[in-house]
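Written out below as structure tokens is the structure these notes cover.
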Amino acid sequence: MKDSQIKIKNLTVSFERKKITAVQDLNLNVQEGEFLTLVGTTGCGKSTILNTIAGFVKPNKGNVLINDNQIFRPIPNIGVVFQQHALFPWMTVLSNVTFGPLSIGKTKSDALKIAEKLIEQVGLKGFEQAYPNELSGGMQQRVGLARTLANNPDILLMDEPFGSLDAQTRSIMQELLLAIWRGTKKTVIFVTHDVEEAVFLADRVIVLTARPARIKKEVIVNLPRPRKFDMVTSTNFMKTKKEVLTAIREETLLALNHSNDHISHKRS
Amino acid sequence: MQKTDSLKYLRILPIPLLIGVWEILARAGFLNRALFPSPSDVVLAFGKMTLSGELFFDIGATLLRVFFGFVFGSMLGILIGVLTARIKILDILFGQIIQILRPIPPIALVPLAVVWLGLGEFSKITIITWGVFFPVWVNTYIGVAGVDHSVIWAAQSLGANRRRVLFRVVLPASFRHVIAGMRVAIAIAFICVVVAEMLGASRGLGFRINTSYLVFRVDKMMVDLIMLGLLGAITDWLFIQSINKFMPWYILNSNH
Ligand SMILES: Nc1ncnc2c1ncn2[C@@H]1O[C@H](COP(=O)(O)OP(=O)(O)O)[C@@H](O)[C@H]1O
Ligand SMILES: [Mg+2]
């Protein structure tokens with residue numbers, strides 16, 4: 001068996017300011033080319049895990065290895081797509097997408113070529129000179145995806161990228177993402193709190209515990225590829241979804257009871 | 001529509017009314033014309049001051065001082081604002097000092113500036129620079145410190161080095177705040193220049209108002225006051241216009 005591309009070892013991340021441990025002793029390996037989804041209740045530490053892999057947040061304990069190299073800071077080989085798109089509103093769509101290639105020393109003409117191709121691939125041809133604020137939420141996320149892909153990273157980290165889109169747009173974006181993934185075989189770690197999305201996209205779903213995040217359950221998704229939107233009604237899909245849902249529900253209830261305990265504790 | 005139109009007229013109506021009543025009262029002898037020159041006296045004084053070139057030189061002197069003070073103060077404010085907002089050590093070292101100095105009205109420092117730096121241009125420009133510095137610094141600081149960390153992270157993970165993150169992301173993201181600070185600074189620059197000129201100068205609108213006061217020429221004072229009001233308003237307007245023009249250019253070229 002091949003060595004894992006991403007290795008997370010005993011990862012613990014806490015925020016001193018709030019005395020919160022967001023992630024505790026997390027161990028996780030991800031294979032090259034794998035599509036992994038992380039699900040968990042809100043505030044359980046999903047973004048923190050992603051931000052640590054990306055090199056934005058320093059772990060208190062443990063480490064993240066990419067191809068056996070420890071991550072200390074953001075690197076262009078790890079692309080990140082953010083929940084609130086995080087586009088540069090003072091730049092046109094084209095300038096947003098060329099930003100990465102120009103940052104890593106590509107020539108202007110190369111950067112333009114890369115950007116034009118990607119903008120077309122995400123279906124935004126003709127919007128090169130538009131500003132992010134002139135676009136719909138779905139289009140903004142397409143730009144965000146194109147901007148991240150422009151550096152051709154081996155690893156894509158996506159933090160609830162479709163969370164704020166309507167169901168219709170979201171389903172189309174999911175298919176777009178899968179098409180790109182199929183064409184490039186990048187490793188994807190995709191965070192979501194939407195169980196159906198998690199199962200639909202993934203080779204493997206990781207269910208996280210309520211804070212601090214640890215692995216609660218791992219579910220392998222045995223659905224054929226390429227995935228089609230109507231697969232969500234198949235019995236196999238339903239079964240997998242139920243498995244994930246049950247695990248999440250348990251955690252949510254535990255978290256709720258915990259906070260109830262907290263409240264009654266304070267009252268008494 | 002009609003209603004708002006007629007309301008608009010109502011808003012400017014008091015101006016000619018006031019001027020008219022004033023003129024009549026002054027001419028009818030109800031007002032001491034040396035103390036309350038009639039509007040026509042003021043217009044006359046304006047004509048004389050324009051012809052003699054006095055007005056032109058005073059405006060020129062005042063505007064130059066404002067210009068240099070504004071440019072130096074803004075540059076310092078932006079520079080130190082960015083540094084203190086981005087580099088924690090500098091914030092800890094200098095943030096407190098700046099906060100202590102900030103409440104001192106720049107006008108109160110004019111005598112000190114005269115004692116230390118003399119009566120020349122340097123001391124006046126220093127006072128204006130001082131007055132301009134604080135609002136620009138505070139707003140730049142707030143803008144830079146408040147930049148959403150996700151755009152900075154995005155730039156870093158796209159491979160941008162520190163300089164590129166600063167110039168392509170942090171500065172444009174705080175642009176609005178910096179501009180707001182600079183607008184406040186324009187008004188402060190005019191206050192500072194007038195006070196600095198009053199305490200010692202050989203030309204400038206502030207100097208002229210003061211000498212007119214000493215020789216009791218209220219009509220000339222009025223002309224210079226109106227000029228100051230107009231200059232302040234025009235400068236602010238020009239600043240906004242140039243920003244509006246400058247923004248799209250800025251945006252379009254930010255990556256090339
Ligand atoms: N920069 C930070 N400073 C302090 N606390 C934080 C910070 N980022 C996240 N947290 C806290 O850590 C916990 C996990 O946050 P996060 O990883 O964003 O959760 P999720 O993405 O699963 O909703 C939350 O309780 C959150 O308030
Ligand atoms: Mg999150």
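Quick caveat: nothing in here was measured; it's all calculated off a predicted structure. Each chain gets a letter, A, B and so on, in the order the sequences are listed, and its residues count up from 1.
With a threshold of 4.5 angstrom between heavy atoms, A:Arg147 approaches chain B through its backbone and through its side chain. Only the side chain of A:Asn51 comes within contact range of chain B, with at least one heavy atom under 4.5 Å from a heavy atom of that chain. Only the backbone of A:Leu87 comes within less than 4.5 Å of a heavy atom of chain B; no side-chain atom from C-beta onward does.
A heavy-atom distance below 4.5 Å is found between the side chains of A:Phe99 and B:Arg164. B:Asp148 is not listed as a side-chain neighbour of A:Gln84, based on a closest heavy-atom distance of 4.5 Å or more. Taking 4.5 Å as the limit, some side-chain heavy atom of B:Trp153 sits within range of a side-chain heavy atom of A:Val57.
Applying the 6.0 Å contact sphere to NZ of A:Lys7 captures more than 12 heavy atoms from other residues, nucleotides or ligands. Counting non-hydrogen atoms of neighbouring residues, nucleotides and ligands closer than 6.0 angstrom, the CD1 atom of B:Ile89 reaches no more than 12 such neighbours. Other residues, nucleotides and ligands contribute over 12 non-hydrogen atoms within 6.0 Å of the CZ atom of A:Arg204. With a 6.0 Å radius and a threshold of 12 heavy atoms from other residues, nucleotides or ligands, A:Lys185 has its NZ atom above the threshold. Surrounding CZ of B:Phe67 are at most 12 heavy atoms belonging to other residues, nucleotides or ligands under 6.0 Å away.
For the atom pair A:Trp90 CH2 and B:Arg176 CZ, the distance stands at 11.0 Å (nearest 0.5 Å). Put simply, OG1 on A:Thr148 and CG on B:Leu158 are 6.0 Å apart, with the number rounded to the nearest 0.5 Å. Distance check, rounded to the nearest 0.5 Å: CD of B:Gln156 to OG of A:Ser103 gives 11.0 Å.
Of all non-hydrogen atoms in A:Ala86 and B:Ser150, the two that sit nearest each other are CB-OG, 3.7 Å. Closest heavy-atom contact between A:Phe88 and B:Val151: CE2-O, 3.5 Å. The shortest non-hydrogen separation linking A:Met91 to B:Arg168 is CE-O, 3.7 Å.
Annotation: maximal heavy-atom pairing with chain B below 4.5 Å, among A:Pro101, A:Ala111, A:Gly100, occurs at A:Gly100.
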